[in-house]
Every structure is written in structure tokens, then in C-alpha cells.
**Q** 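The structure that follows is given in the form of C-alpha cells.
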Amino acid sequence: MPPTPCALCHTNRALILRPKDHSKLCKTCFITVFETEIHHTITTNALFARGEKIAIGASGGKDSTVLASVLKTLNERYDYGLDLILLSIDEGIKGYRDDSLETVKRNAEQYGMELTILGYDELYGWTMDQVVEQVGKKGNCTYCGVFRRQALDRGAARLGVKHVVTGHNADDVAETVLMNLLRGDLPRLSRTTSIITSTPSASSDPASNTNIKRSKPLKYAYEKEIVLYAHHKNLDYFSTECIYSPEAFRGSARALIKNLERVRPSAILDVVRSGEDMAKLVPGSDEGCGGTCSSNRPVAEEEEGGCGSAAGRTVGGDMASVEKQLAQNETATNNDLEVEITSPRPSTKNGAVPLSNGKKAKKGITPKKTNKQVMGQCKRCGYLSSQEVCKACVLLEGLNKARPKNKIEVGYDVQELQQRDQGVDGVADAMQQTSIGGE
Amino acid sequence: MSDDASVAITTEFSGGLEILFGNQKKYSLSVPANDEFGAPANVAFLVRYLCDKVMKDPRKELFVLDDTVRPGILVLINEADWELEGEAKYELQKNDHIMFVSTLHGG
């Protein structure tokens, strides 16, 4: 095949086939176009304000490394006047995070940015290695995800930074859209498609308990192009998979996204756009005005399990977590789902599983007329939360309880079992008496 | 080249794929000039060859799916996206550099 010339400069050999429009570009033109598009995302959504101090959530992976590199370039090229720093979370995973943090340290030097590393151990008293020792490898990603979201906010608050940017890319957003679609959770879909969200932040000083803004400047950037950008710019990034979620992409919505991309590359951005359009249909959504005109930004999503945040990856247990989430939704005290469902809901057939609002309506509870998550403070840690106790504290409570009480609880179970058996079966009764006698 | 029994190429694995290849990023290989059916060796054949001869990890499915490179893994032929070069049908030339980059691993 003769080499194809670049569609822009018409001189250099084309090396990149852009997924979004099939244009063929040379290395230099691709890098310029990629950066310019991020610049457009930043300006059209008014992500930054001059003089703003911004923490880049940095994991050492491709997304956050590219984000840091591009923001540094754009900040200089277009004179944004931003003060950029790196904020890394150390989950405490030996052989994974300690290696990736070495990458972040190199990035800090390469980009001349200040770096702060904050550990789960100092924030929560638990490293992920300890959590896994306690809860096993299954489901530990939930802990990691919930802890990480708060960790970035707490870190930012500690540094006096009010804006955190993360490396979420178009593939990540498309994946989230699909996951929420599968869950039937449009309110969450609406919140997660937003390019700017704000997360309430915790602080011992109530005066500094201010909202921390979150944004995703790479929201419209294909993962493929992020990797190619990193490759062609020789960026130093870390790419080993988390040891606790190996083969994470198998059977997940991720695999679906990648398969769609192979068939029709524009599908990823189409899913993102569909997500945005669906978000506009959600009553009370800020997306109705494009998501940016309202001073009242959508509240950032509480991390919902999986390392789908800074790591940009959700776990193989995705589908399982959908089911778990559905169960949780049923019992959720949050009323916003009800309003969503009441008006346009088609009548349920006989025998169909009743929706959660049906149950509540019978109890005579009038749904609130708010569609947004009502944010209050967590009673434990003061972090703002839609629930009385935030997710991190609920998880921590479980962990801390299990730590010393492990053996006593086993004892309880045995007793309970024995009591139950007593009532049912005389043989068990007798057996159990001997066993008690034995003790 | 036609009388040569093999083609000398280099391959490179990154983005986490190197784990499947004994944590070695770069390989200099002598690949048979013709595939199992006597046709000139192309990238499809190279992928089969890598799976059979070079990969040390048993988890082939992390590299290959439905007889082709798994979606989410980029293939660069002399730095160019393989989609610009005919994808799996591209016939290997002497001194080609074939790179496999995974986009699937942690961000």
C-alpha cells in the first residue's frame, strides 16, 4: 500500500486514523488537533477561571498523564493563567500503586508540577492490602472506589484547592452511560454525564467546608487517541493492571464499548451524546441548560464501586454490581427515583415486580418534589452525603467491626443455629446439649 | 526476499501487554516468510505465530479474540495505525516494526 498523506498538511505520511471522523493525520497534525480539541472542550464549557489553582488527579496511568501533559501545554500556549498541581492517592497496594506512584513522581519533575500524595492509611486507617486481607478479593473494588472519591476531595481541601480535574475519557463516560442505562438509573446517568460536577468536601473547619468542583477535560477524547498521543509524545506512563482486579475488562460494559468501536468507531461519542441528551430529559437536571449555565452544578456521583474513577476502569464484577445496585435502589430512602418513575411510567402488568415507588405510595409517603439528591452531612465524618452516613463511613464501620469481633461473631452464629435447631429437632437438641457440655 | 525462508522484524508490546510476553517489551524475530498455507506472511499470521511461539502466558484470550487482535489493543505497523495499512492482511516486510499497545489497562 502506498503511504497515505496527511489530510491536513498533505505532506507527511498519515499515521493516525481518527476514530471520530476517519480522518488520516500525520503525527504532528494529530498532536496539534488533539490538543486543540481539548482546548475547545475547556473553553466552550468554561471549565477554568484565570488564576485558578487546579489539582490534577494523577494515577500515573495513561489518562492522567496525558491530561497533565496537555493541560501544561495548553496553559502555556493559551495563557490560561492556571496554577496546576498533581494530587495522587496511594491506596496502599504493594507492587501496583507504589510502582505507579514512581511514575507520578517522575511526571511531577518532567512537568515541573508540585505533587501531593495522600494515603488511604492516613485517611481511613486501612490500606487496600489490609482491606483485601479482611474482605477478600471479591468486592474490594467497591471499597477502593468509594474511598478514592473522598480521598481526592479531602486532599484538595487540605491543599486549599477548589477544583480537581480527572482523566475520565469518552470511553469511560460511554461505559458509565451504558451501565446506568442497564441499571435503569437515569438520575445517576444524568449526574455522571456532566462535564462539571461539584463534590462537597469534608473539613474539620466548617468554614472551609466548601464545594470542590470536578471536571473532566478529556470527556470527549477517545481512549485510543489518548494512548496514541502518549505514544507519539513519548509520555512516561504506567500500565500494569491493578493486582486485585486482573482481567478487569472481561465481560464488562467496557468490552461492549470496545466491540462497538471496532464495528463503528463513532459509536463511543454517539453513546456519550445520547447520554447527554437523556440527561436533559431527567426532570430537575442541570443538563437541561447544557450543564454549564446553571450556577447549581450537578452533585458529583458518589463513587459506585469499581475502580472506575481515576483508574478509569470498572471491574469484571460490573454486572454483579448492577444487581446489587438495583437491590439498593429499592431500599433507598432517596426520593428522587420516585418522581422520575411516577409520571411517565407505563402500568405494570400483574405479577410484575413492583417498582419501589409503588411500595412507598402504599405507605402513604408523599414523594418530595425534588429530583436532585438532597445533600446533608455525614453524621460520622462530616463529609456531605445524600445519606445520613456516607458510603465510606458505612464501609469503614463494617471493616472496623469485623476486625476485632471476628471470633465472637462466629460464636454468636453457632448459638443462634443451636437455638433454632432446638425448637425444630429433638435430636439436634440432644446433640447440641452434648456439644455445650463439651465446651 | 522470495528465496529467504524468514523475514526479520521487530515487535514491541506496551500498555500492559508486555506482561503476557514475559515482561519483555521488544523482540527481534525471524518469522517464516510464508504462512501455513504458503501465502506470504501477514499480520494475521504474525499474531498466530506470537501466540504459539512467543507468548509465555497461557491467557491467550487477553491478546486475541475471535482469531484477531482483541478490540482495545492498537496495532501500529511502522508507527502507523494498522487500519491505514490493510490491518491483518498487511504483508510483513523486512525490518518492519510491529507494535501492539493495549488501551485496556489502568488509567
Side-chain angles (χ1 to χ4, degrees), chain A residues 1 3-4 13-19 22 24 26-27 59-67 96 100 166-169 171-172 218 222-228 230-232 237-242 245-250 254-255 257-263 265 307 309-313, chain B residues 11-26 40 42-44 47 57-93 96-107:
Chain A
M1 243 184 222
T4 323
R13 176 183 167 217
L15 295 180
I16 290 105
L17 180 67
R18 301 203 71 196
H22 290 88
K24 297 164 183 175
C26 72
K27 179 173 154 178
S59 66
K62 58 187 185 328
D63 300 305
S64 55
T65 302
V66 166
L67 180 61
Y96 170 67
S100 68
T166 54
H168 290 90
N169 59 43
D171 295 53
D172 295 329
L218 301 182
Y222 275 74
E223 187 160 65
K224 174 181 173 181
E225 295 200 343
I226 288 172
V227 171
L228 287 175
H231 171 70
H232 288 298
Y237 71 94
F238 180 80
S239 54
T240 298
E241 209 159 335
C242 173
S245 63
E247 302 162 36
F249 48 88
R250 262 209 278 177
R254 196 70 175 187
I257 291 284
K258 293 296 182 194
N259 284 322
L260 286 173
E261 183 184 25
R262 178 70 59 95
V263 179
C307 41
S309 53
R313 212 74 353 166
Chain B
T11 57
E12 189 173 344
F13 304 95
S14 80
L17 274 178
E18 59 272 27
I19 299 164
L20 300 179
F21 293 87
N23 275 315
Q24 186 181 332
K25 282 191 173 243
K26 292 182 182 176
N42 57 19
V43 172
V47 169
D57 198 291
R59 295 172 296 172
K60 311 259 186 255
E61 72 277 8
L62 296 184
F63 182 54
V64 171
L65 188 75
D66 298 330
D67 295 326
T68 185
V69 177
R70 198 187 168 88
I73 294 174
L74 309 179
V75 186
L76 304 181
I77 298 170
N78 301 321
E79 289 290 291
D81 192 324
W82 75 333
E83 290 175 81
L84 296 169
E85 305 286 333
E87 297 191 43
K89 294 193 181 91
Y90 171 85
E91 290 176 10
L92 298 176
Q93 310 294 318
D96 273 350
H97 178 69
I98 316 286
M99 185 166 185
F100 300 88
V101 192
S102 175
T103 66
L104 298 166
H105 296 260

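Proteins get letters first, then strands, A, B, ... in listed order; numbering begins at 1 in each.
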**Q** Between B:L84 and A:L15, what is the shortest heavy-atom contact and its length?
**A** CD1-C, 3.4 Å
**Q** How close do A:K224 and B:D81 get, heavy atom to heavy atom, and via which atoms?
**A** NZ-OD2, 2.7 Å
**Q** If you apply the rule side-chain contact (heavy atoms from CB on, under 4.5 Å), what do you find for A:R13 with B:N78, and how did you get there?
**A** CA-CA 11 Å; A:R13 176 183 167 217; B:N78 301 321; 4.3 Å; yes
**Q** Got a sec: does the NZ of B:K89 have more than 12 other heavy atoms crowding it under 6.0 Å?
**A** no
**Q** Less than 4.5 Å to any heavy atom of chain A: does that hold for the side chain of B:I77, its backbone, both, or neither?
**A** backbone
**Q** Do NZ/NE/NH1/NH2 and the carboxylate oxygens of B:E87 and A:R262 come within less than 4.0 Å?
**A** no
**Q** Answer yes or no: is there a side-chain heavy-atom contact under 4.5 Å between A:K27 and B:E79?
**A** no
**Q** Please look at B:E18 and chain A and tell me whether the side chain, the backbone, both or neither of the residue comes under 4.5 angstrom of a heavy atom of that chain.
**A** side chain
**Q** Checking heavy atoms, do the side chain of A:I16, its backbone, both or neither come under 4.5 Å from chain B?
**A** backbone
**Q** Please report the C-alpha distance between A:I226 and B:T103 in whole Å, then the side-chain angles of each, then the deciding distance to 0.1 Å, and finally whether the side-chain contact (heavy atoms from CB on, under 4.5 Å) criterion is met.
**A** CA-CA 9 Å; A:I226 288 172; B:T103 66; over 6 Å; no
**Q** For residues A:H231 and B:L74, determine if any side-chain heavy atom of one lies less than 4.5 Å from a side-chain heavy atom of the other.
**A** no
**Q** Between chain A and each of B:P71, B:S14, B:A80, count heavy-atom pairs under 4.5 Å; write down the option with the most.
**A** B:P71
